[in-house]
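Notes follow the structure.
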Amino acid sequence: MVNNSRTTFRTMLQTEPLSLCYITQKGYEKKRAKLLARYIPLIQGVDPSLQAENRVSGSSQATATGVKQQKSRSNNSRDERFRSDVHTEAVQAALAKYKERKMPMPSKRRSVLVHSSVETYTPPDTSSASEDEGSLRRQGRITSTPFQSHSNVEPWLNRVIQGSSTSSSASSTSSHPGGKPAAASNTATVTAAATVLADLMVASVRGVPRGYNSSILETADGVPVNSRVSSKIQQLLNTLKRPKRPPLKEFFVDDFEELLEVQQPDPNQPKPEGNQMNVLKGEPLGMVTNWPPSLLAALQRWGTTQPKAPCLTALDTTGKAIYTLTYGKLWSRSLKLAYTLLNRLTTKNEPLLKPGDRVALVFPNSDPVMFMVAFYGCLLAELIPVPIEVPLTRKDAGSQQIGFLLGSCGVTLALTTDACQKGLPKAQTGEVVTFKGWPRLMWFVIDGKHLAKPAKDWHPQVRDASAEIAYIEYKTSKEGSTVGITVSHASMLAHCHALTQACGYSEAETLTNVLDFKRDAGLWHGVLTSVMNRMHVISIPYALMKVNPLSWIQKVCLYKARVAVVKSRDMHWSLLAQRDQRDVSLSSLRMLLVADGANPWSISSCDAFLNVFQSRGLRPEVICPCASSSEALTVAIRRPPELGGPPPGKAVLSMNCLSFGVIRVDTEEKLSVLTVQDVGQIMPGANVCVVKVDGTPYLCKADEVGEICVNSGATGMAYFGLLGITKNVFEAIPVTAAGVPVSDQPFTRTGLLGFVGPDYLVFVVGKLDGLMTVSGRRHNADDVVATALAVEPMKFVYRGRIAVFSVTVLHDDRIVLVAEQRPDASEEDSFQWMSRVLQAVDSIHQVGVYCLALVPANTLPKAPLGGIHISETKQRFLEGALHPCNVLMCPHTCVTNLPKPRQKQPDVGPASMIVGNLVAGKRIAQASGRDVTQLEDNDQARKFLYLADVLQWRAQTTPDHPLFLLLNSKGTVASSASCIQLHKRAERVAVALLEKGRLNVGDHVALVYPPGVDLIATFYGCLYAGCIPITVRPPHPQNLATTLPTVKMIVEVSKSACILTTQAIMKLLKSKEAAAAVDIKTWPTILDTDDMPKKKLAGIFRPASPDMLAYLDFSVSTTGILAGVKMSHAATSALCRSIKLQCELYPSRQIAICLDPYCGLGFALWCLCSVYSGHQSILVPPLELESNVSVWLSAVSQYKVRVTFCSYSVMEMCTKGLGTQTDILRVINLSCVRTCMVVAEERPRITLTQSFSKLFKDLGLSARAVSTTFGCRVNVAICLQGTAGPDPTTVYVDMRALRHDRVRLVERGSPHSLPLMESGKILPGVKVIIAHTETKGPLGDSHLGEIWVSSPHNATGYYTVYGEEALHADHFTARLSFGDTQTIWARTGYLGFLRRTELTDASGERHDALYVVGSLDETLELRGMRYHPIDIETSVIRAHKSIAECAVFTWTNLLVVVVELEGSEQEALDLVALVTNVVLEEHYLIVGVVVIVDPGVIPINSRGEKQRMHLRDGFLADQLDPIYVAYNM
């Protein structure tokens, strides 16, 4: 024993992760006691944890209490236990094994916390839980122990277990449709398992987690961050503890197909070893003298010979018998109805119905009498009844599918009662509304006054049972689709015969039926077989059971019923209420049929029920579980001994082996076992076999779980109208391993998973509908429900309502668990419960839960008679319409089939890549625009090196030529400037600078102006005075706190000696509000240029050389870095020249510009190009679109502009804002536009440009007109479509290859394809090459690399880079590491590739297209691959209609997704799972954190680009005020 326990102990230490910290003596004892607990021999009746405690602390007090407690418990008459497979103690023990893992708790906005239920307390109405929860609370004495106790697990084989470990509330009871309350305390201890996560609960929803005393936390990168969010991320990282990934390497040899990991079967997994089973034959159907030839013949016989015999007694909700239907009445009323249906219902003088038509029966559960009349009336009229539920609202769960069934059955008539018809929702006309998805129905009320007396000569034909359809029973499949199962007259008769024989029914017996009489066992026993045998049925309505769960037992007692048909939940409910009744007796019962005996929790219902009611006359052999399926009807019933049944069986099976489909009796009393009871023997006259679940129906081995198949005359015939699946299910031909059919008769698949045990007893371990196959192992949804219920359900789950289903994500099933939480549950309760459920399921089923969601009480869709509508719940989950109030996702633990991270192949150098490319015939990726020297149209370029000279020359030669028109929001000209006006204003500015500002040549001047002519004039004024201008966007008066610091920073970083601005802005810069945001005392000289004296400038400054600085261009990059670049006079002129040549700009041209004039190409087009080329610029400030969205396009139309420029944000405003304004659009004509260019520094936004083109196509906008430009900090204009040259091309690339820096072209619409549009034509004089980001070697055109550019208008360098001082000199002076090592290039910091297209350019050469993929700084390096945020964001935005915008970034190797919710806050948590799913599916990445925020939180710069780094900083500093933050485990 000692050696053995030592080895086990050692292996345990290896499996149990010890926390990485120093352990105190007390902690050591605790750990040791915990680990040794199960190996120390147990003292009888004492919890092992207590012994350990006695050993540690020497306290004997507890033992005594424990024994005393047990005594007091045993006299108690009932065992409050109602759990099946996974007993509460197993779960408690499993939880106790877990060490405390710090998990970050999600954070929520307060408004989301008060997310109360729809109707917090409704009358009990679901199958699930205890209705009288209060009656279960029992006081237990509590003494705390210093460690977590292990439960006292006793052998479970073939007996009910009496003991149970306690949970943290001395008695925690649980409930379920058929589950048992967890027991009251049998020892005086309290498991500390409940507190497993209590320490790490965040004290308040917005507080730092306990356990962190300092407010500064070090992140995984060693960066100290003072914030709550980062501490949570740190906790999350600690729970994941994944090794850090090696950095991205230079070259990879890899296959493009990132193959997902295929789970390799475990060589040690259990395999079936038994012999192949044989077909099991049931006893033959006995010959009965004078057995009726059909069910209708039986009805006719009893109706005419025994008219006074009672057939059915209906009860009201108080339990009073309100009506007893006799056989005579049933016969006469059915005749009347049959006659009326066939003869009195007409349309256009034709009978409405003919024999064989289908008729819907819509009757409430409280009216069995009318239902029975309607059912038999239809049979007599040779119509086919289709019983369905009463649709209460237009949006009932599953109601649409019922409508589909009615439509496919061709139903036109619905029978109902007067009361029911009055309760249905009505349209304005007073008619019953047509429910969603339903066909148009005629409603016919069958109350007596509407029925006609049959004519004297009319007699229905009572035929012998035939193969014609008798009735159609509906069934909802796992996916939620509803099918109709047809049952023939012959099957119906045979089934009644088989049930009569199996249950030993005799004439005039009394039967109590609690089930739904419209379908399943309720119909078979309570409506069909009862009439066959002239039995008296007492029908207990569901509404009565809700009010008085004991009612069925009282009726059994009152009517001395011999048989009762119930479900486990009915037994459970009566257990909870039985104290009120001392005088009931169940001695009259000879059979208590448990219709859902095949459920995993039915066994404990049966045991607990027997335990309590044995003293009230219930004999153990009376309990008869049975198994049935909609397709095969009754499959097996346990018979009492007097009917020849063998003794009942019970099996304790290993859950692990079951998940591999193998049966192993578990004798080791492990935690993960499933206890099942038999469901008796197969039906008389049936043959049964068990076949493999998937593929060909091979017979299973004796110790293998498979699907039970039945061949008999008493099964359903087909799915109505669905031939394909009918063949598969109703005409299966089982074959032996050699492929030989076992029978020439077809078998029907039952959908039940099970095996045949000793004594030929059938055992069912699950249903095909609840089967979830995760990584090749099978799990049953019901088993997982039972485990979750064992975790303190009474404290937490509202009425035991839990739904478990699987969703397919990344080619595997993932388990989702949804529970309704009690209205009074706190955040911490819910988080703790969720964490413990995860651990319990992991421990007992060895499978991870992918998503755990809690919804408010009463919000899950319900099935008609209580219970949860699983398929509808799943549908809502997938559509994002579940509205949970708490979510916990665990993709990190569940998703094990991700592709392997990309690994480096070390031996391939850059030179060999080039050689490889050349050998493969791939060209080196380089391209250039036209040669400038051959394109000079006049000698202006040589004559004027400086823009100041050009302006003076134009002022002399064409003084009145208008250069600029500035439009306001009304579309009228606010101001304009001709050549001479601009020249004179510039002179006045220069004078003011030199005289008032006392500036020297070379001083820097900040120009803080709104977009307008002043800005342009002051710019030239600076050039005239020899100063260096810097254009700065003015602060926003309503938002000084965020916009003013940027202005201040640019002024300081650019070392400006003076600020030129307007009077209004000058006041703003010195205002009190400004003082709150920045230090206003440190502004340099501020001059306003509103009214300057008209003085003549002595002389205009002329630079000494063209390489002197002309202006500084400052801009904030998307990564939040403020960078100013230096533009020399030569570069400025070269830039203007290239744009002039590309766009063919002359003085006679007009162009319209709707851009911000502060940096980049926007500034050049606004301030420089018109002066250089002499064309007229129509200026539309983008701000004006906020008050009139059509101003830009109206101007384009009015001035018949051929070339226009805009930004993405302008295009988006027009697309969103003008789509509906048809009156404005009538007057706009865009047929004049030859090219409309979007100025951008990013990948072209294809969807936006396409929707813009589509929207304005009808206004004459040519599909070819819209294109994009590309520029960046080192060169503001690299590509620009221009007016000549081929149209921009679009290619589709494989997104997976792109992650490996490869470019693989694919067909449009192929999976993982990403459309990329060319960024315009390369400008004249510009050369582009694609270089490797790390080796700096040239790349072939099938590789993604950094775009390098060489051109006369490159900027000459950074002036300063604020925010990243070490920003690299080689951005402007890079050389290739081999190949052409002479050329000086500038590195753009953007990834892209070049492709030679089939098109020819102006020079007749093949055209090279440049495709920009994204900024290198923005890329995310995850799993060894390179991801572009925009691709992940595009997927996320598609995931749900309420996602308005999305931004992603990484933090300590975790992917963080921030989502803007455009909808109600209750939708916030729906998004967590959808976002996680879509990123896994499309990008093979696990999202670490999902942050849901309000619209407008994601910062966007003036160019319409997302500022992801700003967002990241805001998130880590806890400034986003998120609606919800989910930390995925």
Side-chain angles (χ1 to χ4, degrees), residues 287-314 321 323-344 353 355 359 361 367-385 415 446-466 468 470-471 488-497 499-501 505-511 513 517 523-539 559 562:
M287 295 305 293
V288 184
T289 46
N290 80 1
W291 185 255
S294 72
L295 187 57
L296 289 175
L299 173 62
Q300 186 176 23
R301 179 202 291 174
W302 306 132
T304 49
T305 64
Q306 303 271 357
K308 294 272 194 303
C311 167
L312 176 75
T313 297
Y323 185 80
T324 295
L325 180 71
T326 59
Y327 278 92
K329 274 278 183 223
L330 176 60
W331 172 245
S332 64
R333 288 168 70 176
S334 303
L335 276 178
K336 265 185 174 176
L337 177 61
Y339 176 75
T340 309
L341 290 176
L342 290 177
N343 299 293
R344 291 303 171 92
L353 299 166
V359 176
L361 269 49
D367 203 340
V369 172
M370 286 302 215
F371 174 79
M372 216 158 168
V373 170
F375 191 88
Y376 282 104
C378 286
L379 294 185
L380 279 169
E382 295 184 30
L383 300 169
I384 299 172
L415 304 184
I446 66 159
D447 295 43
K449 58 178 186 244
H450 299 282
L451 301 184
K453 202 168 176 193
K456 289 275 192 300
D457 55 350
W458 183 81
H459 295 289
Q461 291 176 311
V462 177
R463 305 170 192 257
D464 289 358
S466 65
E468 299 293 310
Y471 68 95
S488 68
H489 284 275
S491 297
M492 183 164 71
L493 182 70
H495 191 213
C496 291
H497 189 170
L499 283 177
T500 303
Q501 186 171 327
Y505 285 141
S506 55
E507 263 184 55
E509 266 194 313
T510 306
L511 174 148
N513 178 26
F517 49 73
L523 175 70
W524 308 331
H525 290 268
V527 175
L528 307 178
T529 312
S530 60
V531 168
M532 203 80 216
N533 294 295
R534 191 172 66 81
M535 291 162 70
H536 179 196
V537 176
I538 316 297
S539 187
Y559 288 93
R562 306 276 291 136

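Computed from a predicted structure; not experimentally measured. Every heavy atom of this structure was used, including side-chain atoms; hydrogens, water molecules and symmetry mates were not.
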Item to complete: Check the pair Leu361, Tyr471 against side chain to side chain contact (heavy atoms under 4.5 Å, CB included), reporting the backbone distance first and the verdict last.
Response: CA-CA 11 Å; Leu361 269 49; Tyr471 68 95; over 6 Å; no

Worksheet entry | Closest approach of Gln306 to Tyr327 (non-hydrogen atoms, all atoms of both residues) | O-CB, 3.8 Å

Worksheet item: Between atom CZ of Phe375 and atom CG of Leu415, what is the distance when rounded to the nearest 0.5 Å?
Response: 12.0 Å

Worksheet item: Considering only heavy atoms from C-beta outward, does the side chain of Pro292 approach that of Met532 to under 4.5 Å?
Response: yes

Discussion item. Nearest 0.5 angstrom please: Thr500 OG1 to Glu509 CD, how far?
Written reply: 10.0 Å

Practice prompt. Give me the ring orientation class for Phe517 and Phe371: parallel if the planes are under 30° apart, tilted from 30 to 60°, perpendicular past 60°.
Written response: tilted

Worksheet item: Do you know which two heavy atoms are closest between Ala374 and Leu337, and how far apart they sit?
Response: CA-CD2, 3.4 Å

Practice prompt. Provide the closest heavy-atom pair for Pro293 versus Leu493 in the form atom of the first, atom of the second, distance.
Written response: O-CD2, 3.4 Å

Fill in: Heavy-atom pair with the smallest gap, counting every atom of Ser530 and Val537
CB-CG2, 3.5 Å

Discussion item. Can you confirm whether His536 sits close enough to Thr313 that some side-chain heavy atom of one is under 4.5 Å from a side-chain heavy atom of the other?
Written reply: yes

Worksheet item: Atom CH2 in Trp291, atom NE2 in His497: separation rounded to 0.5 Å?
Response: 5.0 Å

Worksheet item: Are His495 and Thr529 side-chain neighbours, meaning at least one heavy-atom pair lies under 4.5 Å?
Response: no

Worksheet item: So how far is it from Arg333 CZ to Leu325 CG, rounded to the nearest 0.5 Å?
Response: 6.5 Å

Worksheet item: If you round to the nearest 0.5 Å, how far is CG of Leu312 from OG1 of Thr324?
Response: 8.0 Å

Response to the item:
All heavy atoms of Leu379 vs all of Ala470, minimum pair found to be CD2-O, 3.3 Å

Fill in: His450 side chain near Thr340 side chain, heavy-atom distance below 4.5 Å
no

Fill in: 4.5 Å side-chain heavy-atom contact, Met535 and Arg562
no

Practice prompt. Tell me, with the steps shown, if Met372 and Cys311 meet side chain to side chain contact (heavy atoms under 4.5 Å, CB included).
Written response: CA-CA 10 Å; Met372 216 158 168; Cys311 167; 3.6 Å; yes

Worksheet item: Do Trp302 and Glu507 come close enough that some side-chain heavy atom pair is under 4.5 Å?
Response: yes

Discussion item. Between Leu499 and His525, is the side chain to side chain contact (heavy atoms under 4.5 Å, CB included) condition met? List the steps.
Written reply: CA-CA 8 Å; Leu499 283 177; His525 290 268; 3.8 Å; yes

Worksheet item: Asp367 versus Tyr323: any side-chain heavy-atom pair under 4.5 Å?
Response: no

Fill in: Euclidean distance, Arg344 CZ relative to Tyr339 OH, rounded to 0.5 Å
4.5 Å

Item to complete: Of all the heavy-atom pairs spanning Ala452 and Lys336, show the shortest one and how long it is.
Response: O-CG, 3.6 Å

Item to complete: Side-chain contact test, heavy atoms from C-beta onward, threshold under 4.5 Å: evaluate it for Val359 versus Ile384 and give yes or no.
Response: no

